[in-house]
Amino acid sequence: MKFNRSVYQSLAMIGQFGINILVPVLVCSFLGILLDKKLGTSCFVIILFFVGAAAGFRNIYHFSKRIFEKGSSESAYLHKGRCTGKADKGYGTADAGKEDTDHAGIDSKNE
């Protein structure tokens, strides 16, 4: 059985989405229940439930924003130099064995 890292990373990310929503909702609901019991009211659980839901969705927004920024920076890093028209060394191109000496104004093709 072959290990597919991207599948496990995706499953972990889905789990983190769930945790990022559930924890604030449960904590705020629990605090609302405690406040309602202590004060003899019945409105704090509803108010704090929606505050927890808003906090959970805020967490999801920032988490997904961070993931997409990380993904775009990684893909930019992996594809850096691929669209410049220069051949990459060692990737089966015709210029794979040639050395680029264009650093000091000397072109290897003019020698």
Side-chain angles (χ1 to χ4, degrees):
M1 185 168 161
K2 192 174 181 180
F3 178 71
N4 192 349
R5 186 175 181 176
S6 65
V7 172
Y8 293 113
Q9 286 177 340
S10 298
L11 290 173
M13 189 177 5
I14 291 170
Q16 287 176 344
F17 275 113
I19 289 170
N20 280 330
I21 288 179
L22 284 178
V23 169
V25 169
L26 292 177
V27 168
C28 287
S29 296
F30 181 72
L31 289 175
I33 291 170
L34 287 178
L35 280 173
D36 281 340
K37 283 184 180 179
K38 186 166 181 111
L39 299 174
T41 60
S42 63
C43 64
F44 285 111
V45 70
I46 296 169
I47 294 169
L48 288 178
F49 173 82
F50 286 113
V51 168
F57 284 113
R58 181 188 172 276
N59 288 343
I60 291 296
Y61 172 74
H62 288 290
F63 181 68
S64 60
K65 185 178 174 183
R66 202 172 350 141
I67 288 172
F68 285 118
E69 286 174 355
K70 180 181 175 185
S72 65
S73 67
E74 284 180 358
S75 65
Y77 175 75
L78 291 175
H79 298 295
K80 184 178 180 182
R82 301 277 169 112
C83 298
T84 60
K86 291 185 178 181
D88 289 336
K89 295 177 184 162
Y91 289 105
T93 61
D95 295 333
K98 295 182 181 177
E99 194 169 340
D100 186 18
T101 58
D102 196 27
H103 301 291
I106 303 170
D107 191 9
S108 62
K109 293 180 182 178
N110 290 337
E111 290 181 11

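Quick note: numbers below take in every heavy atom, side chains included, and nothing from hydrogens, waters or symmetry partners.
Follow the hydrophobic side-chain contacts under 4.5 Å out from Ile67 and you reach Ile21 in the same cluster. When the side chains of ILVMFWY residues are joined at heavy-atom separations under 4.5 Å, either directly or via intervening members, Ile46 and Leu39 end up in two distinct hydrophobic clusters. At a threshold of 4.5 Å between side-chain heavy atoms, the hydrophobic network of Ile, Leu, Val, Met, Phe, Trp and Tyr places Phe63 and Tyr61 in two separate groups. Under the 4.5 Å side-chain contact rule for hydrophobic residues, Leu26 and Ile19 do not share a cluster.
Pairs engaging residues 30-60 under the ring-ring contact (aromatic ring centres under 6.0 Å, His included) rule: none recorded [sequence neighbours left out].
Nearest heavy atoms, Asp36 versus Val45: OD2-N, 3.0 Å.
Distance check: Ser29 OG to Leu34 CG gives 11.0 Å after rounding to the nearest 0.5 Å. In this structure, the separation between CG on Leu31 and CD1 on Ile33 is 9.5 Å, given to the nearest 0.5 Å. Interatomic distance, Ile14 CD1 to Gln16 CD, rounded to the nearest 0.5 Å: 11.0 Å. Taking CG from Asn59 and CG from Leu22, the interatomic distance works out to 11.5 Å, rounded to the nearest 0.5 Å.
Taking the side-chain hydrogen bond (donor to acceptor under 3.5 Å, both in side chains) definition, one finds that Ser10 meets it with nothing, sequence neighbours left out.
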